[in-house]
Amino acid sequence: MLVLAIDTSTPVVTAGVARVLRAHELIALAGGGGLTGPSSMPTTVLAERSVTDAFAHAERLMPLATEALAETGHRVADLEAVVVGLGPGPFTGLRVGIATAAALGDALDVPVHGVPSHDGVAGSVVRAVAGAVGSTDGPLLVATDARRREVYVSAYAADGRRLAGPAVLAPAAVPAWLDEHDVRPAALAGAGADLVAGVLPLPVTAPTRPLTAGLVTRAERALVTDAVPGPLTPLYLRRPDATEPSATKSVLGR
Amino acid sequence: MSPLPPGSIVLGIESSCDETGAGLVRVPEPGGAPQLLGHELASSSDQHARFGGVVPEIASRAHLESMTHTVRSAFAKAGVQRSDVSAVAVTCGPGLAGALLVGVAAAKAYAAAWDVPLYGVNHLAGHVAADTLEHGPLPTPSLALLVSGGHTQLLRIGDLAGDITEIGTTIDDAAGEAYDKVARILGLGYPGGPVIDRLAGQGDPTAIAFPRGLTGPRDARYDFSFSGLKTAVARWVEARQRAGEPVPVEDVCASFQEAVVDVLTAKTVRAATDLGIGTVLVAGGVAANGRLRALAQQRCDAAGLLLRVPRPGLCTDNGAMIAAVGALVAASGAAPSSPLLSGDPGLPVSVVHAP
Ligand SMILES: [Zn+2]
């Protein structure tokens, strides 16, 4: 199954292509004596493109996806599923990825699975997939920049299960939040790791952003079982800024 | 790029403000007008009501929620298949930055998935093109008065596919914005246009002499200003309230509305006459206003000008008008937009389609 992974929850725009083996393909592979090493996992990352530009998500995403597909010898029309990071992240950029994924799914009539973007970070750390880049012996805290002197945080068990979050907090409130959820992380990951390192002096492991491997492995089970995707609801975690005006006051500016 | 042949189908996507629109049109024969096949609209207007104006973040969230449903529904209404689409057009500006990007991202994905060209087009050209869906091709040149919550402009239309020049514009508030603010002063809710138009019908338009902005002999001939009018209404109402007297809401609405449409129509007729243009078009959300339509008709008749106004359903933002611009641009043989297309909140009206 040819899968496109998209994430626009951070200043990094990511598009990657992965092959996910269905159950019968895995069995065939095992029967042929091929069940060793990373290829025994259902997900293999074939190509990935990313660019760091906080203000160019809409501009760059589709060209990156097309390039990554071209590298694998495929076209957009060949896609069989899409996986997209649902955030949390700055709203405008985040929506670009989700709008793109939803439209691709609608245009091609293929399933689109949303996963929390922090899962895409954690999934690359704690799980031995082809393309795993970090490691930890214990629970992991993923943190990203939420601006306004806050961070988005999610906590994971050593086996990759999400234990708490995502939540939006001031860095100083993170230790109490971890206590509340009874999590003792052994490492930090994500682009906001340095923002919590001051209150939580722990080793920082890669990666800083959701990777194709992490995103797709999180959706692996849903993909191979042809599960009906849930709604692609962005993880905004904050209400829109809006204030209700009073009558003449706001008009006359007094 | 060779021109898209007549009969080809174009999908248009609109998300520049608070309406999510998708529309399908057919590319015309040379010199003809695009044919409307069907369109669908989802509005977040209700969600903005208690804030007295469009809240950009709320609009952007609503666009994302409605986009694919709206596109699917447009196809169902038009009775065409996805595989019939030969090009995708999308509003790339002007408009709210975050809102525009939802439509642009979706349109880029649809175009890439179907492997068809993508045209980023100007929202303002779309309002003008909406009229061609109903009344056929525009004579060359034509003069368009574009009035809505976001824009108040006089445009000379040489060619809808590429030659649009701004003759005049508002130097402060848009006309629709003035309606919303006066409605707020009078406690009439949001949006202000329809309710003020209705109450004005029961009031005396000569009851209060509100100022006509930029109509002095030395003022810019074709530009507009509504900020002073809005302030004048606020001060008049406030003075009444302070004196403990009742506010004659119908008379305030009628007098305010008369001040707005008087200036709009007078400057439009003046520009058409000065420039020797025989056809005048009124478009945009405020073009649905009854008094504006009536006074424009009266003054165009008196000046010997032909007036065209699209039906109200095509005056508000919609996807069909964007598909119509896309169809005309594609039929002209213009190159599709770059794969690096993005939104441009300040896209000038002279840029009908983004390179
Ligand atoms: Zn508009």
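What you see below is based on every heavy atom in this structure, not just the backbone, and it leaves out hydrogens, waters and symmetry mates. Proteins get letters first, then strands, A, B, ... in listed order; numbering begins at 1 in each. Here the structure is a predicted model, which means the values were calculated and not measured.
Smallest separation of non-hydrogen atoms from B/L340 and A/R60: CD2-CD, 3.9 Å. Across every non-hydrogen atom of A/A107 and B/W114, the tightest pair is O-NE1, 3.2 Å. A/A102 approaches B/T68 most closely through the heavy-atom pair O-CG2, 3.6 Å. Here the shortest heavy-atom pairing between A/A58 and B/L101 reads CB-CD2, 3.6 Å.
Near-neighbour residues of residues 102-109 of chain B relative to chain A, defined by a heavy atom under 4.5 Å from a heavy atom of that chain, comprise B/V102, B/A105, B/A106, B/K108, B/A109. For residues 72-83 of chain B, heavy-atom neighbours of chain A at less than 4.5 Å comprise B/R72, B/R82, sorted by residue number.
Using a 4.5 Å cut-off between heavy atoms, A/L61 makes no contact with chain B at all. Of the two parts of B/V233, neither the backbone nor the side chain holds a non-hydrogen atom closer than 4.5 Å to a non-hydrogen atom of chain A. If you measure heavy-atom distances from B/L341 to chain A, the contacts under 4.5 Å come from the backbone alone. For A/D241, the part sitting under 4.5 Å from any heavy atom of chain B is the backbone (N, CA, C, O) and nothing else. Using a 4.5 Å cut-off between heavy atoms, A/R239 touches chain B through its backbone atoms (N, CA, C, O) alone.
Annotation: maximal heavy-atom pairing with chain B below 4.5 Å, among A/V76, A/I98, A/T92, A/D106, occurs at A/D106. Among B/G98, B/A112, B/S338, B/A111, the residue making the largest number of heavy-atom pairs under 4.5 Å with chain A is B/A112.
Under the 4.5 Å side-chain criterion, counting only non-hydrogen atoms from C-beta, B/L64 is in contact with A/P234. Within the 4.5 Å cutoff, side-chain heavy atoms of B/R61 are placed close to those of A/R95.
Around the CZ atom of A/R221, the shell of radius 6.0 Å holds no more than 12 heavy atoms that belong to other residues, nucleotides or ligands.
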